[in-house]
Amino acid sequence: MSELRSRTESRVVRRDYSLTGPDAKAAIAAGFENADWYQVPIDPERLKVLMTRRNGRPTFDAILWAVLILGFGTLAFLSLGTWWAIPAFAAFGTLWGSSADSRWHESGHGTVFRTSRANDVLYSVAAFMMLREPTLWRWQHVRHHSNTSIVGLDPEVTIKRPTSFTYIALGYFNLVNGPKMLWKILQHAAGHCETYTRIIVPSDRLRRVVWEARVFVLLLVGTIAAAVALGTIGPLLFVGLPSFYGAWFMWFCAVTQHAGLREDVLDHRMSTRTVHMNPVFRFLYLNMNYHVEHHMFPSVPYYNLPALHEEIKAYLPPPKTSVLAAYRELLHAVRMQQKDTAWEIERGWAPPPETGADRAGRAVKVEAGPGEIELGPVEMVAPGRLTPVEVGQRQYVLCQMLDGSYAFFDGLCTHGRTSLADGYLDNCVIECPKHNGRFDVRTGQAVRRPAVKSLGTYPVLVRDGRLVVALELPEDQAEDQPEPAGPAVLSSDRAV
Ligand code: FES
């Protein structure tokens, strides 16, 4: 424990983790809300490869997962009434109530399959298995990524300070969050969306929350009715209860993610933990043990996280070498924070100096013409490559699609003003690197939430072998346009 030390005098000050309390107001006043987070430098070409989605590998994983659930479910059914039912249900329940968590999580980011529809199907199924209302939890997780471990802004803080060991123990049976989730489902099914839900979910999605809750209630009531009709608890052991008795592994992994580490810091290296795990755990947990890497680059699919770790590990704190090592650290922190809530784990590690090219230093300047801006020769872009362009104070992105045509569009995501030049382009759809919102770059239309508002798009012409963009804005956007364009600054290409 030599790497652990007290940061302040011993004292217990309970912080308010609710989204409406004084700590929330203080966090907003301090500028933490939707702030920019630190990202380690990474070669854009390499990041492009790591962000690439596939269908083959995740399909194999999904089939294997389904076969295991069906297999152990069958064994559990056949062994009912015998002692063999205990290990059979333990395995079935873990696959249902724990490994569905990471499937829910990854498909919620939209990064599992290349095919969007497949992500949506997996998301809906896994959400029910975890008793997580799909729309509520989707938006809740967006806030978690915007405000990770910021007290009062992050709705998914697992271990609040101070916490008790009883609280941690209850989590292994989903008795911390499970009853609250069921209560929320009932409230929503009755048509009542309480303050928390109204804060998390945009008002135009609240009807959807209500109808999803009604579907959940229908499925759960149907299972209870089957149990009553058959005079056995059997049906509930397969639907409903696995989300409790099978949740131990989900909680076992979840507490390693952030517990004991720093709060209120805009650097995931300080608030988040990466833990080495064995291949079985990594299959169940879909590589979410690479948690710093996931938070820093949420557009990288789970199957590429080990490679991402190798790529950037020089800039990261040393990962915990095992789950045991992580628990030793976090349980000690919990103990210390019971006496002093300001106590935090100090890893004895300092971020190394960054190497690599400086963005501003790589910038290329081009002249801007009246109304039209000449960007440069056509060779300056290639299919799949994103080129950030700055015109005065405004940011844009230039790219070429697979059919050879060009697109030029606003460079900041309409959801949280994140730079889209760092995003992932799949033919004509660009994905925001922060919350995986997507836009069609030909029309600017938002095609995946949380992005809702369209981007501005501008026609690109090829004139004498040079790319020219007409930057006139539609009338309803004209007042947002900055002063007449000065020289355009063409930042160096960033491939995706
Ligand atoms: S900032 Fe949230 S989707 Fe772009």
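Below, each value reflects all heavy atoms present in this structure, side chains not excepted, and no hydrogens, waters or symmetry copies. Every number for a ligand or one of its atoms is a count from 1 in the order of the listing.
Ligand 1 places these atoms under 4.0 Å from at least one heavy atom of C413: 1 (S), 3 (S), 4 (Fe). Near T418, meaning under 4.0 Å from one of its heavy atoms, ligand 1 places the atoms 1 (S). Proximity to G437 (heavy-atom distance under 4.0 Å) selects the following atoms of ligand 1: 3 (S). Numbered from 1 in the order shown, with element, the atoms of ligand 1 that lie under 4.0 Å from a heavy atom of C432 read 1 (S), 3 (S), 4 (Fe).
Among protein heavy atoms, the minimum distance from atom 1 (S) of ligand 1 is reached at G416 N, 3.3 Å.
In terms of distance to atom 2 (Fe) of ligand 1, the nearest N, O or S atom of H415 is named ND1. H435 has its closest N, O or S atom to atom 2 (Fe) of ligand 1 at the position named ND1.
The neighbour count for W349 CH2, taken as heavy atoms of other residues, nucleotides or ligands under 6.0 Å away, is above 12. The environment of R417 atom CZ is sparse: at most 12 non-hydrogen atoms of other residues, nucleotides or ligands sit within 6.0 angstrom.
Using a 4.0 Å cut-off between charged nitrogen and carboxylate oxygen, D426 and R114 count as a salt-bridge pair.
For Q445 (side chain) and F439 (main-chain N/O), no donor-acceptor pair under 3.5 Å exists by modelled atom type.
The cationic group of R103 lies under 6.0 Å from the six-membered ring centre of F283 and within 45° of the ring axis, placing it in a cation-pi geometry.
The aromatic rings of H144 and H141 sit tilted, their planes meeting at an angle between 30° and 60°.
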